[in-house]
**Q** 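Have a look at this one.
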Amino acid sequence: IKGGAAFDSSKFKDFGKYQIIKMSNLYDNILDLKRSESFLDEIAPNEKDSLLINEDIIITLTGTNGKRDYGYSFLITNEENLLLNQRLAKIIAKKI
């Protein structure tokens, strides 16, 4: 299990090569890439661990006080160039 990175939000763009996956993109076990879009054109070497690959399972780690809006998950299959933001984690499974 690997936590997401704390990307510098001042570098976020409306369009770019890499999309940042945030808590708002994963809700009720659905990954919505059109919701709250943020992108980066480049990533630093230490941020490459946050790049999602096929068969990674992502999960939300925190939620809103008093609500059950955490613990949602999604299996990455055909998505590319996605970076995992803080407050989420990826589970790297040996067998799906």
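Just so it is clear, the model here is predicted, and its values are computed rather than measured.
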**Q** With sequence neighbours excluded, tell me which residues meet side chain to side chain contact (heavy atoms under 4.5 Å, CB included) with Ile30.
**A** none
**Q** With clusters defined by side-chain heavy atoms of hydrophobic residues (ILVMFWY) lying less than 4.5 Å apart, directly or transitively, does Leu31 cluster with Leu88?
**A** yes
**Q** Quick one: do Met23 and Ile58 end up in the same hydrophobic cluster if we chain Ile, Leu, Val, Met, Phe, Trp and Tyr together by side-chain heavy atoms under 4.5 Å apart?
**A**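 They do share one cluster, since a chain of ILVMFWY contacts under 4.5 Å joins Met23 to Ile58.
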**Q** Test of understanding: with side-chain hydrogen bond (donor to acceptor under 3.5 Å, both in side chains), list the residues that count as partners of Thr60, not counting sequence neighbours.
**A** none
**Q** Determine whether more than 12 heavy atoms belonging to other residues, nucleotides or ligands lie under 6.0 Å from atom CD1 of Ile91.
**A** yes
**Q** Return the set of residues passing side chain to side chain contact (heavy atoms under 4.5 Å, CB included) with Asn81 (not counting sequence neighbours), or none when no residue passes.
**A** Lys17, Tyr18
**Q** In residues 6-13, what donor-acceptor pairs under 3.5 Å come from side-chain atoms, sequence neighbours left out?
**A**
residue : atom : partner : partner atom : Å
Asp8    : OD1  : Ser10   : N            : 3.0
Asp8    : OD1  : Ser10   : OG           : 2.6
Asp8    : OD2  : Ser10   : OG           : 3.1
Lys13   : NZ   : Asp41   : OD2          : 2.9

**Q** Taking atom CG of Asp28 as the centre, report whether more than 12 heavy atoms of other residues, nucleotides or ligands fall under 6.0 Å from it.
**A** yes
**Q** Could you go through the side chain to side chain contact (heavy atoms under 4.5 Å, CB included) check for Ile21 and Leu33 one step at a time?
**A** CA-CA 8 Å; Ile21 301 304; Leu33 298 177; 3.4 Å; yes
**Q** Any donor-acceptor pair under 3.5 Å linking the side-chain atoms of Ser24 with those of Arg35?
**A**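 Side chains of Arg35 and Ser24: no pair found under 3.5 Å.
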**Q** Donor-acceptor check, side chain of Glu79 to backbone of Ile76, threshold 3.5 angstrom: yes or no?
**A** no
**Q** May I ask you to test the Ser38-Gln19 pair for a side-chain heavy-atom distance under 4.5 Å?
**A** no
**Q** Go through the steps to decide whether Leu83 and Leu40 satisfy the test side chain to side chain contact (heavy atoms under 4.5 Å, CB included), and finish with yes or no.
**A** CA-CA 9 Å; Leu83 294 167; Leu40 292 173; 4.1 Å; yes
**Q** Tell me, please, which residues at least two apart from Lys34 pass side chain to side chain contact (heavy atoms under 4.5 Å, CB included).
**A** Asp32, Glu37
**Q** Nearest 0.5 Å, please: how far is CD in Glu80 from CG in Leu52?
**A**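 So the gap between those two atoms works out to 12.0 Å.
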**Q** Restricting to ring pair (Phe, Tyr, Trp, His ring centres under 6.0 Å), what partner residues turn up for Tyr27, sequence neighbours left out?
**A** Tyr72
**Q** Could you tell me the separation between the OG atom of Ser50 and the CD1 atom of Ile20, rounded to the nearest 0.5 Å?
**A**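 Interatomic distance, Ser50 OG to Ile20 CD1, rounded to 0.5 Å: 8.5 Å.
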**Q** Report yes if some heavy atom in the side chain of Ser73 is under 4.5 Å from a heavy atom in the side chain of Asn29; otherwise report no.
**A**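 When only atoms from C-beta onward are counted, Asn29 and Ser73 do touch, with a gap below 4.5 Å.
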**Q** With clusters defined by side-chain heavy atoms of hydrophobic residues (ILVMFWY) lying less than 4.5 Å apart, directly or transitively, does Leu84 cluster with Leu26?
**A**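 They do share one cluster, since a chain of ILVMFWY contacts under 4.5 Å joins Leu26 to Leu84.
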**Q** Within this structure, what is the CD1-OH distance for the pair Ile59 and Tyr70, rounded to the nearest 0.5 Å?
**A**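 Going from CD1 on Ile59 over to OH on Tyr70, the span is 11.0 Å.
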**Q** Have a look at Lys90 and tell me which of Ile57, Leu82, Ile1, Asp56 forms a side chain to side chain contact (heavy atoms under 4.5 Å, CB included) with it.
**A** Asp56
